[in-house]
Amino acid sequence: MTNQRQPLQPPVESDDHILDHIPETTEIPHFGPVNFQVTTISHRERMIVERMQAISFVGSPNTVRQQITDLSHHIEFDEIMAQTLIYDESKQHYSYELLKEIVDTL
């Protein structure tokens, strides 16, 4: 969001600390329908994260299966593009295995 790249960081209890300490960007980024000329920088990053989390599938296999099913009642889709930002690589691979199992049952 700020164009200041860094490696994936370990998990934290709350996003608040991270979002409250994001270095400000020196450029006005373009990110979907967000008008960056009007919204202050500190609120923009939080708003982007919240919008991205709102369209994320998170939880147990049963919860994620239900989230995908619920989404399919609102929009028609024939593929899911998944990205998981999990710090522990073995857990990241496991999450993809779980997603595959879920999708295979739909």
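Fair warning: this is a prediction, and the values are worked out from it, not measured in the lab.
With sequence neighbours left out, Thr105 forms a side chain to side chain contact (heavy atoms under 4.5 Å, CB included) with Arg65. Every side chain to side chain donor-acceptor pair (under 3.5 Å) that Glu89 has, sequence neighbours left out, goes to His93. Partners of Ser95 under the side chain to side chain donor-acceptor pair (under 3.5 Å) rule, at least two apart in sequence or in another chain, do not exist in this structure.
The CD1 atom of Ile68 lies 5.5 Å from the CG atom of Leu106; values are rounded to the nearest 0.5 Å.
Within 6.0 Å of OH in Tyr96 there are more than 12 heavy atoms belonging to other residues, nucleotides or ligands.
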Steps toward side chain to side chain contact (heavy atoms under 4.5 Å, CB included) verdict (Thr84, Tyr94): CA-CA 11 Å; Thr84 144; Tyr94 182 62; over 6 Å; no
Intermediate values then yes/no, side chain to side chain contact (heavy atoms under 4.5 Å, CB included), Leu71 and Phe57: CA-CA 10 Å; Leu71 180 63; Phe57 300 132; 3.7 Å; yes
Intermediate values then yes/no, side chain to side chain donor-acceptor pair (under 3.5 Å), Asp70 and Gln66: CA-CA 6 Å; Asp70 291 346; Gln66 187 61 52; 2.6 Å; yes
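Cluster membership check: Val58 does not share its hydrophobic cluster with Met81, using side-chain heavy-atom separations under 4.5 Å among Ile, Leu, Val, Met, Phe, Trp and Tyr. Linking Ile, Leu, Val, Met, Phe, Trp and Tyr whenever their side-chain heavy atoms come within less than 4.5 Å leaves Leu85 and Ile55 in two separate clusters.
Taking 4.5 Å as the limit, some side-chain heavy atom of Val64 sits within range of a side-chain heavy atom of Gln67.
Of all non-hydrogen atoms in Thr69 and Ser72, the two that sit nearest each other are O-OG, 2.6 Å.
The residue from Leu98, Asp104, Ile102 that alone fulfils the side chain to side chain contact (heavy atoms under 4.5 Å, CB included) condition with Lys100 is Asp104.
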